Amino acid sequence: MTRFVVVGLLTACAVGGVLLALLASPWWWTAAAPFLAVALTGTYDLVQGRHSVLRNYPVLGHLRFLMETLRPELQQYFVERDYDGRPYDRDTRSIVYERAKGVAAEEPFGSERDMDARGYEFLVPSMAPAGVPDEPPRVRIGGPDCTTPYDMALLNVSAMSFGSLSSNAIVALNTGAARGGFAHDTGEGGLSTHHLRPGGDLVWEIGTGYFGCRTRDGDFDARQFAEKAAHPSVRCVSLKLSQGAKPGIGGVLPGSKVNAEIASVRGVPEGETVVSPPYHRVFSTPRELVQFLARMRELADGKPVGFKLCPGSRTQFLAVCKAMAAEEVTPDFIVVDGAEGGTGAAPLEFADHLGMPLTEGLFTVHSALTGTGLRERIRLGASGKVATGSDIVKRLLLGADYTNAARAMMFAVGCIQAQRCHTNRCPTGVTTQDPHRARALDVVDKAARVTRYQQATVDSALQIMAAMGVRDTTELGPHLLRRREDRGEFRSYAELYEWLSPGELLTAPPESWAADWRAADPDAFATYCRRQVGHSDTVQR
């Protein structure tokens with residue numbers, strides 16, 4: 001007799017027993033109900049054809065799906081060590097939570113890191129530490145064509161859209177930014193009242209969907225853009241070319257999240273899934289990109305204008321540099337988003353395999369701008385797993401002028417890394433449009449946490465710089481970050497990468513850059529199928 005027959009007989013017996021119990025006495029209904037449920041479940045499992053596990057193991061097979069559902073939580077709370085979790089380890093999450101709550105973030109008994117492991121990095125301390133400045137330095141954003149410059153903090157809220165985040169999360173972030181005096185990037189989802197009401201400084205991001213300044217057929221609407229860019233809270237405008245989580249692909253906001261308010265803010269139909277195109281309609285060449293940036297600055301009445309990208313091809317970015325030089329137009333800032341960025345939901349293949357990590361992206365953009373003599377006119381922002389003071393210092397010494405944080409700011413408002421952001425079932429109300437879930441996020445409490453986290457993290461960065469003997473961010477350089485290459489051998493980032501001197505590409509390009517420089521065309525984004533012999537398009541070490 002096969003297992004199926006045995007299970008079938010047992011199920012039939014259970015059903016029969018439950019029915020007899022029901023006929024015997026009304027009291028048995030409560031006692032028999034669980035057995036009836038099990039019997040019916042087992043019978044269904046046997047006849048359904050979708051899951052082989054359930055057909056072979058009726059009822060018990062459901063435990064497999066339950067454990068699979070609980071696996072991320074079990075992994076996070078009971079399996080992973082404090083320092084090796086992904087995307088953020090427990091130590092990093094804890095330090096953000098502690099600083100947000102105003103709790104001392106010291107740890108006893110020394111580091112748990114393996115300092116003998118290849119790839120271990122350390123910042124170089126000084127035998128003559130400097131004093132910590134009384135006030136954190138700020139970065140002036142505004143090139144020669146900007147008439148309304150903005151002083152950016154060292155750490156700001158990175159791009160996260162209303163729609164992806166709940167209204168309470170947006171209000172908490174912007175209120176925290178207003179109190180702390182740092183900037184809040186809107187993400188590409190448009191300007192909402194939740195961004196504007198608290199009065200925090202905004203970087204209005206425009207993506208490929210042109211949300212908030214789009215025509216009915218999805219083109220850029222210059223009139224809407226000019227009206228909204230004139231708002232006093234909008235201090236800078238950013239054009240998103242790509243983001244680290246998914247370079248080369250448009251964003252997707254599920255229809256379940258597109259309520260009437262979000263539809264109004266974005267200018268899209270309510271209840272329909274919103275798909276941002278992977279490319280911009282307003283330009284198709286590097287020269288057209290630069291010209292559009294100039295038009296944006298004119299429409300914004302001279303406010304700082306920049307763009308964000310996750311770098312990939314060095315040749316393509318050099319083509320943009322050539323277009324800047326030819327048109328004599330430069331953005332006021334560029335935000336380099338590392339491939340390790342991740343607030344936007346993305347296909348696993350994109351998150352794991354497309355785009356440069358932030359270190360290589362910063363090196364590429366900083367060196368290309370330096371080599372073409374444009375670096376002094378443009379400020380660089382860095383975003384991609386920036387969470388601690390040491391993260392800020394590392395990004396500044398590798399070429400950035402300031403940093404942005406997204407997921408760390410989400411931790412500050414209550415995110416527990418449940419990784420349910422795209423399901424509309426966020427357990428803490430951060431990434432959901434479900435009003436019952438969103439109400440769990442207390443705006444007053446979480447806004448204060450955002451302010452405390454940003455201030456404590458910047459203070460930590462300044463203390464680290466002081467320990468390194470650095471009195472000003474301009475004194476930071478790649479020679480102050482070392483990486484273990486082998487046992488007994490450390491090399492600085494000044495040695496690991498070939499940093500260009502100002503104007504070097506214009507006079508005598510080094511061999512490692514020469515092929516990419518020759519291939520860069522200001523009137524075409526080079527495609528890889530036209531790759532030339534000797535075209536390196538790589539980061540030299």
Side-chain angles (χ1 to χ4, degrees), residues 139-146 241 285-291 293-294 306-307 309 311-336 356 358-382 395-401 472-481 491-528 530-541:
V139 181
R140 176 60 58 95
I141 307 292
D145 299 321
C146 172
L241 304 186
T285 69
R287 193 183 300 273
E288 290 174 356
L289 163 61
V290 171
Q291 291 169 344
L293 292 171
F307 65 86
L309 83 162
S313 166
R314 191 165 71 183
T315 299
Q316 289 186 344
F317 190 79
L318 287 172
V320 175
C321 292
K322 284 186 175 180
M324 294 178 194
E327 295 295 315
E328 297 185 348
V329 171
T330 53
D332 301 293
F333 64 93
I334 297 174
V335 176
V336 180
M356 287 185 183
L358 183 54
T359 295
E360 283 72 18
L362 266 179
F363 162 77
T364 298
V365 173
H366 172 75
S367 292
L369 293 174
T370 300
T372 51
L374 301 171
R375 181 64 178 89
E376 292 302 316
R377 302 175 59 169
I378 302 169
R379 296 292 170 259
L380 287 187
R395 299 316 171 195
L396 296 183
L397 64 80
L398 290 174
D401 295 298
D472 187 85
T473 57
T474 57
E475 299 176 20
L476 290 169
H479 62 288
L480 293 174
L481 179 61
R491 298 181 67 190
S492 76
Y493 272 75
E495 302 171 283
L496 291 170
Y497 295 88
E498 186 177 12
W499 303 86
L500 301 183
S501 58
E504 186 174 357
L505 289 175
L506 303 176
T507 55
E511 183 179 352
S512 60
W513 284 75
D516 291 326
W517 179 247
R518 288 194 300 269
D521 182 354
D523 293 305
F525 286 109
T527 57
Y528 296 105
R530 297 207 305 264
R531 189 181 179 104
Q532 300 178 4
V533 176
H535 177 190
S536 61
D537 212 344
T538 58
V539 176
Q540 296 295 319
R541 296 190 174 188

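Since the model is a prediction, treat every value here as computed from it, not as a measurement. The basis for the numbers below is simple: all heavy atoms, side chains too, and nothing from hydrogens, waters or symmetry mates.
- Judged as a ring-ring contact (aromatic ring centres under 6.0 Å, His included), and not counting sequence neighbours, the contacts of Tyr493 are Tyr497.
- The structure places CD of Glu360 at 12.0 Å from CZ of Arg314, a figure rounded to the nearest 0.5 Å.
- The shortest distance between side-chain heavy atoms of Ser492 and Leu480 does not fall below 4.5 Å.
- Note that OG1 of Thr370 and CG of Leu505 are 9.5 Å apart. Values are rounded to the nearest 0.5 Å.
- Taken from CG in Leu309 to CG in Leu289, the straight-line distance is 9.5 Å, to the nearest 0.5 Å.
- Contact annotation: the side chain of Leu369 approaches that of Cys321 to within less than 4.5 Å [non-hydrogen atoms, C-beta and beyond].
- Judged by distance alone, the side chain of Lys322 and the main-chain N or O of Ala520 form a donor-acceptor pair under 3.5 Å.
- Contact check for Arg395 versus Thr359: side-chain heavy atoms found under the 4.5 Å cut-off.
- The two atoms that bring Pro331 and Leu293 nearest to each other are CB-CD1, 4.2 Å, heavy atoms only.
- Residues Val329 and Met324 form no side-chain contact, since every pair of their non-hydrogen atoms from C-beta on lies 4.5 Å or further apart.
- Annotation: side chain of Asp521 is not in contact with side chain of Thr285 (no heavy-atom distance under 4.5 Å).
- Residue Glu376 places its CD atom among 12 or fewer non-hydrogen atoms of other residues, nucleotides or ligands, all under 6.0 Å distant.
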Chi angles and distances behind the side-chain contact (heavy atoms from CB on, under 4.5 Å) call for Phe307, Val335 = CA-CA 6 Å; Phe307 65 86; Val335 176; over 6 Å; no
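- With Asp332 contributing its side chain and Gly143 its backbone, the two residues share a donor-acceptor pair below 3.5 Å.
- Between Arg377 and Asp145, some side-chain heavy-atom pair lies under the 4.5 Å cut-off.
- Judged purely by atom type and a 3.5 angstrom limit, Glu504 uses its side chain to pair as donor or acceptor with the backbone of Ser501.
- Ala326 approaches Arg287 most closely through the heavy-atom pair CB-NH1, 3.6 Å.
- Inter-residue side-chain proximity for Pro311 and Val336 is flagged as met; some heavy-atom pair is nearer than 4.5 Å.
- A donor and an acceptor atom, one from each side chain of Arg375 and Ser367, are nowhere located under 3.5 Å apart.
- Between the side chain of Gln316 and the backbone N or O of Ser313 there is no donor-acceptor pair closer than 3.5 Å.
- Atoms CD1 and OG1, from Ile378 and Thr330 in turn, are 5.0 Å apart once rounded to the nearest 0.5 Å.
- Here NE2 of His366 is found 9.0 Å from CG of Asp401. Values are rounded to the nearest 0.5 Å.
- Between the OG1 atom of Thr372 and the CG atom of Leu318 there is a distance of 7.5 Å, given to the nearest 0.5 Å.
- In plain terms, the two heavy atoms of Trp517 and Pro509 that are nearest each other are CD1-CG, 3.8 Å.
- Proximity of Phe363 to Leu496: side-chain heavy atoms (C-beta onward) are nowhere separated by under 4.5 Å.
- Residue Ala368 comes nearest to Trp513 through the heavy atom pair N-CH2, 4.0 Å, listed as atom of the first residue, atom of the second, then distance.
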